[in-house]
Amino acid sequence: MYDCVYIVDKDRRITYWNGSSESLTGFSRYEVMGKRCSEDILNHIDVNGLLLCRGACQIIKVMRDGKGDSFRVYPRKKNGIRFLVETVISPVFDHDGKIIACTEVYRDISLQEEHRILWEKFNTLISNTSPPPPTATF
């Protein structure tokens with residue numbers, strides 16, 4: 001599977017960690033299974049550098065609201081390097097409709113973001129150096 005996936009229970013303990021998560025983050029399933037996602041694993045931060053795992057945790061929000069959510073965050077790999085991911089968190093319901101877990105599916109979009117930034121810089125450079133369009137004279 002290309003996408004990284006992990007599942008947490010109601011206490012935010014990791015109950016599933018797929019091979020793509022291992023490959024991308026450097027954390028093996030044996031290192032993370034049974035630990036809370038806030039226990040110095042991914043340490044998601046938002047675009048403003050706010051640590052989400054100890055305050056504005058999206059998993060808590062999804063468990064409370066029962067509505068899935070998608071957003072961009074910067075998790076940390078085992079080697080300490082941060083990278084940009086697009087992530088989708090979805091609640092998991094039991095047969096009575098109670099939320100029992102959440103799934104987080106995420107994908108590294110660092111390269112796409114670098115290309116987008118370069119493209120914006122290129123467009124800005126071109127627009128600043130291009131001569132103005134000719135004006136019609138009558």
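Atom CE of Met33 sits about 10.5 Å away from atom OG of Ser28, to the nearest 0.5 Å. Note that OG1 of Thr87 is 9.0 Å distant from CD of Gln58, once rounded to the nearest 0.5 Å. For the atom pair CD1 (Ile7) and SG (Cys102), the distance works out to 10.0 Å, reported to the nearest 0.5 Å. Taken from CD1 in Ile81 to OG1 in Thr25, the straight-line distance is 12.5 Å, to the nearest 0.5 Å.
Taking the six-membered ring where the residue is Trp, Tyr6 and Trp17 present tilted rings, their angle falling between 30° and 60°.
Classification of Lys78 and Glu22 as a salt-bridged pair fails, no side-chain N sitting under 4.0 Å from a carboxylate O. Classification of Glu86 and Arg107 as a salt-bridged pair fails, no side-chain N sitting under 4.0 Å from a carboxylate O.
Connectivity analysis of hydrophobic side chains (ILVMFWY, heavy atoms under 4.5 Å, direct or indirect) links Ile100 to Val92.
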One pair to check against side-chain hydrogen bond (donor to acceptor under 3.5 Å, both in side chains): Thr103 and Tyr16. What are the steps and the verdict? CA-CA 9 Å; Thr103 62; Tyr16 177 78; over 6 Å; no
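Sparse packing is recorded around NZ of Lys98, with 12 or fewer heavy atoms of other residues, nucleotides or ligands lying under 6.0 Å away.
With contacts defined as side-chain heavy-atom distances shorter than 4.5 Å, the pair Ile45/Arg82 qualifies. Under the 4.5 Å side-chain criterion, counting only non-hydrogen atoms from C-beta, Ser21 is not in contact with Phe27.
For the side chain to side chain contact (heavy atoms under 4.5 Å, CB included) criterion with Tyr74, the lone passing option out of Val47, Leu42, Asp46 is Val47.
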